[in-house]
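Below, read A as the first sequence line, B as the second, and so on, with proteins coming before strands; counting in each chain starts at 1. Computation of the quantities below employed the complete heavy-atom set of this structure, encompassing side-chain atoms and omitting hydrogens, waters and symmetry-equivalent molecules.
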Number of protein chains: 2
Amino acid sequence: MVNTVSCSHMFSGISQENYNRMMSCFNSAPKKYLAGETICFYEPKKRTVGIIEKGRAVVVKTFYSGSQTILEQLSDGSIFGEVFYFHANTDGISVIAASECTVRFIDYEHIMTSCHNACQHHSQLIQNLFSIISCKAAELSEHIDVLSHRTIREKLMAYFQIQSSKNNSTKFKLPFSLSALADYISVDRSAMMREIKKIKEEGYIDISQKEVTLLKEYIQ
Amino acid sequence: MVNTVSCSHMFSGISQENYNRMMSCFNSAPKKYLAGETICFYEPKKRTVGIIEKGRAVVVKTFYSGSQTILEQLSDGSIFGEVFYFHANTDGISVIAASECTVRFIDYEHIMTSCHNACQHHSQLIQNLFSIISCKAAELSEHIDVLSHRTIREKLMAYFQIQSSKNNSTKFKLPFSLSALADYISVDRSAMMREIKKIKEEGYIDISQKEVTLLKEYIQ
DNA sequence: ATAATTCTGTTGCATAAGCAACAAATTATA
DNA sequence: TATAATTTGTTGCTTATGCAACAGAATTAT
């Protein structure tokens with residue numbers, strides 16, 4: 001399951017000048033990684049916040065079997081770290097560069113504890129962090145809303161309705177493939193396809209490729 | 001579904017003396033409510049943090065049909081508010097006193113924006129708030145872990161395993177009724193009962209009333 | 001351009017799980 | 001203590017859904 005984190009930016013409301021000033025205050029130098037390189041492994045008690053200044057990376061879970069799942073996709077301005085991963089178990093979680101990357105690491109405690117050098121925008125940073133975490137929590141909550149429906153049809157319609165209201169339109173584009181959607185709503189893909197076909201035939205939705213249109217009200 | 005929030009306390013690490021000082025800084029006077037009284041309604045843009053200083057209360061969702069669900073149970077030291085409820089839709093959400101209650105309200109922005117009166121423990125408060133939100137997010141994440149299994153059996157075993165590891169024991173007590181459990185894992189209660197019976201017969205668990213014991217390893 | 005991989009669409013089959021309906025046990029309330 | 005309300009435990013019936021297995025379309029990699 002891929003979480004596309006659109007949430008607010010860690011440094012929104014903070015100028016480039018102040019950003020640089022903060023980074024020196026946080027004592028954080030940029031590090032470079034080549035595509036494919038491991039940026040870090042998640043560890044139980046570590047509380048380092050990472051920032052992708054430039055490039056793309058992925059947070060992946062590697063299972064004992066060797067198979068991998070992408071937990072999150074990161075790009076310019078994305079943040080990552082144990083603090084944003086709400087599981088006790090960090091086994092097999094790592095961050096891998098998908099392209100050449102410039103990354104900063106900041107000590108979480110340093111962000112939280114108010115700064116002796118009195119960075120003026122510290123409070124702004126904390127507020128941003130808060131809204132990022134709240135946004136992640138909202139995504140989890142949304143996911144639960146979908147998963148807590150009993151049938152495939154109800155899960156699908158719940159998901160579609162959320163997407164629709166997010167786009168302020170009955171027409172929207174799925175943010176990922178149908179296979180990934182089946183994964184997200186935790187059902188068998190073939191069974192989901194069968195159900196989509198039915199919902200389509202019954203005139204509730206129209207769907208071709210990734211373009212979905214809600215046609216009539218669905219009351220669960 | 002009831003979320004029992006055990007998370008850390010809003011004012012842990014802050015003395016009674018400093019607590020009082022902060023409250024006067026926050027300009028927050030205690031308010032009293034009788035059992036059954038409505039403490040507040042959740043509103044979309046409101047960002048007020050409530051603290052139950054004494055007593056018990058519940059966060060409830062009232063549906064158009066008139067039926068209600070308890071979203072959260074609050075007791076001494078619990079906090080509540082729109083900030084901790086990660087849905088866009090706040091319709092029909094209210095906080096009701098379950099017993100006589102003393103409640104404080106604090107402006108969220110005042111907590112987040114660093115204090116001009118320079119309360120020394122402001123940073124501690126922010127850290128506590130962070131850990132509360134993270135804890136809530138972890139609970140959501142845990143819920144998803146359970147819900148994303150396909151079968152009732154898998155959901156049950158996932159749930160039991162989480163409880164077991166939380167208690168550091170193969171023996172633990174369910175925090176709510178079996179009906180509520182069916183609700184939590186989002187399956188039909190009778191079907192869940194049938195499955196519990198089977199799992200029991202096959203020797204995976206032992207369960208009587210709310211006491212559960214994991215007997216042998218279950219590999220999904 | 002070609003090969004390889006992933007995604008989409010479909011079907012038969014077996015069964016897990018939803019629904020309804022009931023009685024007994026337990027817990028809450030008057 | 002009596003009564004109400006909720007929870008637990010059970011069953012028959014039906015069907016939705018998981019699983020396996022396949023072929024063609026669409027991407028992505030070489």
| query | Partners of B:R47 by salt bridge (Lys or Arg N to Asp or Glu O under 4.0 Å), sequence neighbours excluded? | reply | B:E109
| First contact, last contact: which nucleotides of DNA chain C are these for chain A, 5' to 3', heavy-atom distance under 4.0 Å? | C:dC7 to C:dC19
| request: Mind checking side chain to side chain donor-acceptor pair (under 3.5 Å) for A:Q16 and listing every partner two or more places apart, or none if nothing turns up? | output: A:N20
| For B:S179 and D:dT8, is the shortest distance between a side-chain N/O and OP1 or OP2 below 4.0 Å? | yes
| said: Quick test of your reading of the model: are B:K61 and B:E72 salt-bridged, counting only N-O distances below 4.0 Å? | reply: no
Show me the donor-acceptor pairs within less than 3.5 Å that the side chains of residues 32-46 of chain A make with the rest of the protein, sequence neighbours left out.
from, atom 1, to, atom 2, distance (Å)
A:E37, OE1, A:L34, N, 2.5
A:Y42, OH, A:G81, N, 2.9
A:K46, NZ, A:F41, O, 3.2

| task | With sequence neighbours excluded, give me every side-chain hydrogen bond (donor to acceptor under 3.5 Å, both in side chains) pair touching residues 198-208 of chain B. | result | B:R153-B:E202
| note | With sequence neighbours left out, the residues meeting salt bridge (Lys or Arg N to Asp or Glu O under 4.0 Å) with A:R56 are none
| Who passes side chain to side chain donor-acceptor pair (under 3.5 Å) against B:D188, sequence neighbours left out? | B:S190
| said: For A:S141, give me all partners under side chain to side chain donor-acceptor pair (under 3.5 Å), at least two apart in sequence or on another chain. | reply: B:H87
| task | Note down the inter-axis angle between the two ends of the helix from C:dA1-D:dT30 to C:dA30-D:dT1, five pairs each, to the nearest 10°. | result | 70°
| said: Give me each pair satisfying salt bridge (Lys or Arg N to Asp or Glu O under 4.0 Å) with a member in residues 157-170 of chain B, each pair once, sequence neighbours excluded. | reply: B:E142-B:K166
| query | With the sugar-phosphate defined as primed atoms, P, OP1 and OP2, and the base as all remaining atoms, what B/S/- string results for nucleotides 17-30 of chain D, 5' to 3', for protein heavy atoms under 4.0 Å? | reply | BBBB------S---
| B:L178 has an atom CG; how far is it from atom P of D:dT10, in whole Å? | 12 Å
| task | Any side-chain hydrogen bond (donor to acceptor under 3.5 Å, both in side chains) involving residues 90-108 of chain A? Give me the pairs, sequence neighbours left out, ordered by first then second residue. | result | A:E53-A:R104
